[in-house]
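Presented below is the structure to which this report refers.
Convention: sequence-line order gives letters A, B, ...; per-chain numbering from 1. All values reported here derive from a predicted model rather than from experimental measurement.
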There are 2 protein chains.
Amino acid sequence: MPDNPPHSRAAGKTRDRTVARTVYDTLRRRILDLDLVPDTTLSRTELAKDFQVSLTPLRDALQLLEQDGLVRIFPQSRTLVTRIDRRDLLETHFLRVAAETEVVRRLARRPDMPALKTARACLDKQTVLVARPGRMDRFSDLDRQFHLALFEGVGMGNVHAMLQRKLGSILRCQRLDLPSPGKLQEIVAGHKDILDRIEAADPEGAAGAMRAHLSGSISRVSALRNKFPDYFVAED
Amino acid sequence: MPDNPPHSRAAGKTRDRTVARTVYDTLRRRILDLDLVPDTTLSRTELAKDFQVSLTPLRDALQLLEQDGLVRIFPQSRTLVTRIDRRDLLETHFLRVAAETEVVRRLARRPDMPALKTARACLDKQTVLVARPGRMDRFSDLDRQFHLALFEGVGMGNVHAMLQRKLGSILRCQRLDLPSPGKLQEIVAGHKDILDRIEAADPEGAAGAMRAHLSGSISRVSALRNKFPDYFVAED
DNA sequence: TGCGTCTCGCTAATATATCAGTTGTCCGAT
DNA sequence: ATCGGACAACTGATATATTAGCGAGACGCA
């Protein structure tokens, strides 16, 4: 067994991003924006031409998107943008609730002041943005940063990144649901409740607040399914 | 938007498994068995010859293994089997604890009798196997089935499968740690405690029992690192 | 008209070739 | 002796070609 090899990349001229990653990010963005709607056939020939790349990195990108649940590759046949699947939503929600409640329990037992300060700052900025309906992108970004700050407070920033990748269908639902009256106020109130209970050293209270907060993401799925049936997998 | 397209594959002659998947499973097995030890350089030319496949499915397989944290691909350079990284272990453990405690809380609040029956049956079989030191593979399989039964009891079988893929480094640690005296008894006792508390409708008790049980997976990491330093990433 | 089979065009998986970048070795200069 | 630069061999990423399979439409028969 050789000596300890370098486990970090030396500074160099390596391309920071592969073509595949760029294609993946762009297609993912377009799917989440509902620009590429469910059941859209993704033609590799067309996409390769559009992106001016060969089939290999495009293939890599599509495989990643399939892992995210955003596309489904039918072998030797075609590739479709998926419909939102309630099963998948429930599984993603479960994972998210499990992880985020564990995070806030740990924070309530052992606070990390810089992380809580960051989270509180995000909350303050979000509070200001509630009154500015044109700043949804910024609000969403702060929302993500709020949750990331909590994860980093328990040293689990990478877990947060991993979970983000799985949130495709929840994000698509949120996109369908915009703008929903009172929703932003509800989110801000939820964040405040969570932080208050963490700071009150109340693990189960914080977990309950987080659970309630996250339930907002799926509380309107049935209504959305009725309103946009073509975006959802038909139930048995 | 077209009519609801078929979302299941019609029975047909499609290959059930891709070459890439087969290669992935084999390499993953060999890494987890510590047959391919950390820092081993994986030569694509050699592997393609060994498996008698072209570079493309081999590339697919290696990319999946990289996502599992088992190999690291240095662009334009080489591909190595990873050392076990403490950071990665902690993240995997976090995710596992979060998910499994959430599962048992839910089961304690709302038991699923078939799932609990399955779990109890696994426990009984494991109890018998403790006295048969040559049956580790079977014991591990029952262990996995025990946990799967719990996940299925809350309708989250797919989440269990997802988590399994991330367990590579924990499984490698367990492999290094075999046979550890009293370990099997400890596992069996943990399973029993978990089930008892679920059946006693004690969510927090069940969560605590699961937390204690899972902590066994990482309690000996420091000792293993001292014993097998070449298998672990050096700490800063 | 409806159903089954066949054919062809299309697609994804794999094979092979080429390009882009890394790394190790050798040689020359100090 | 040591260090730096050049070059060649090697590797992974991408491009292109070929193979394997799917599915829709057309045709024939009852």
_Once side chain to side chain donor-acceptor pair (under 3.5 Å) is applied, what residue pairs with a partner in residues 44-58 of chain A remain, sequence neighbours excluded?_
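For residues 44-58 of chain A: none.
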Separation of [X] atom [atom1] from [N] atom [atom2], in whole Å?
| X | N | atom1 | atom2 | result |
| --- | --- | --- | --- | --- |
| A:Phe51 | D:dA13 | CZ | P | 20 Å |
| A:Gln63 | C:dT14 | CD | C1' | 12 Å |
| A:Asp60 | D:dG12 | CG | C1' | 11 Å |
| A:Leu58 | C:dT14 | CG | C1' | 16 Å |

Would you list the protein and nucleotides 15-18 of chain D atom pairs, both N or O, that sit under 3.5 Å from each other?
residue : atom : partner : partner atom : Å
D:dA15  : OP2  : A:Ser54 : N            : 2.4
D:dA15  : OP2  : A:Ser54 : OG           : 2.2
D:dA15  : O5'  : A:Ser54 : OG           : 3.2
D:dA15  : N7   : A:Thr56 : OG1          : 3.0

_Under the salt bridge (charged side-chain N to carboxylate O under 4.0 Å, His left out) test, residues paired with A:Glu91 that sit two or more places apart_ =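 Counting only residues at least two positions away or on another chain, A:Glu91 forms a salt bridge (charged side-chain N to carboxylate O under 4.0 Å, His left out) with A:Arg87.
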*asked:* Less than 6.0 angstrom from the centroid, inside 45 degrees of the normal: does B:Arg78 satisfy that with respect to the ring of B:Phe74?
replied: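 Flagged: B:Arg78 positioned over aromatic ring of B:Phe74.
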*Are A:Arg135 and A:Phe139 in a cation-pi contact, defined as NZ or CZ under 6.0 Å from the six-membered ring centre and within 45° of the axis?*
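No, A:Arg135 does not lie over the aromatic ring of A:Phe139.
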*Just checking, is any N or O donor in the side chain of A:Arg172 or A:Thr82 under 3.5 Å from an acceptor N or O on the other one?*
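A:Thr82 and A:Arg172 do have a side-chain donor-acceptor pair below 3.5 Å.
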*Check the side chains of B:Arg96 and B:Ser217 for a donor-acceptor pair under 3.5 angstrom, ignoring hydrogens and angles.*
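Yes - a donor-acceptor pair under 3.5 Å links their side chains.
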*State plainly whether the residues B:Asp141 and B:Arg144 are in salt-bridge range, i.e. N to O under 4.0 Å.*
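A salt bridge is present here (some side-chain N lies under 4.0 Å from a carboxylate O).
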*Pick from B:Leu171, B:Leu224, B:Val221: which one makes a side chain to side chain contact (heavy atoms under 4.5 Å, CB included) with B:Leu176?*
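Single pass found, and it is B:Leu224.
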*Sequence neighbours left out, what pairs pass ring-ring contact (aromatic ring centres under 6.0 Å, His included) with at least one residue falling in residues 152-174 of chain A?*
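Pairs touching residues 152-174 of chain A that pass the test: A:Phe151-A:His160.
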*Hey, what's the ring geometry for A:Phe146 with A:His191, parallel, tilted or perpendicular (30° and 60° as the breaks)?*
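The rings of A:Phe146 and A:His191 lie parallel, inter-plane angle below 30°.
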_When the axes are fitted on five pairs at both termini, how much does the helix from C:dT1-D:dA30 to C:dT30-D:dA1 curve, in 10° steps?_
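For the helix from C:dT1-D:dA30 to C:dT30-D:dA1, the axes at either end differ by 0°.
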Can you give me the N/O atom pairs linking the protein to nucleotides 9-12 of chain C at distances under 3.5 Å, or say none if there are none?
residue : atom : partner : partner atom : Å
C:dT11  : O4'  : A:Ser77 : O            : 3.1
C:dT11  : O3'  : A:Ser77 : O            : 3.1
C:dT11  : O2   : A:Gln76 : O            : 3.0
C:dA12  : OP1  : A:Thr79 : N            : 3.3
C:dA12  : OP1  : A:Thr79 : OG1          : 2.7
C:dA12  : OP2  : A:Arg44 : NE           : 3.4
C:dA12  : O4'  : A:Gln76 : N            : 3.0
C:dA12  : N3   : A:Gln76 : OE1          : 2.8

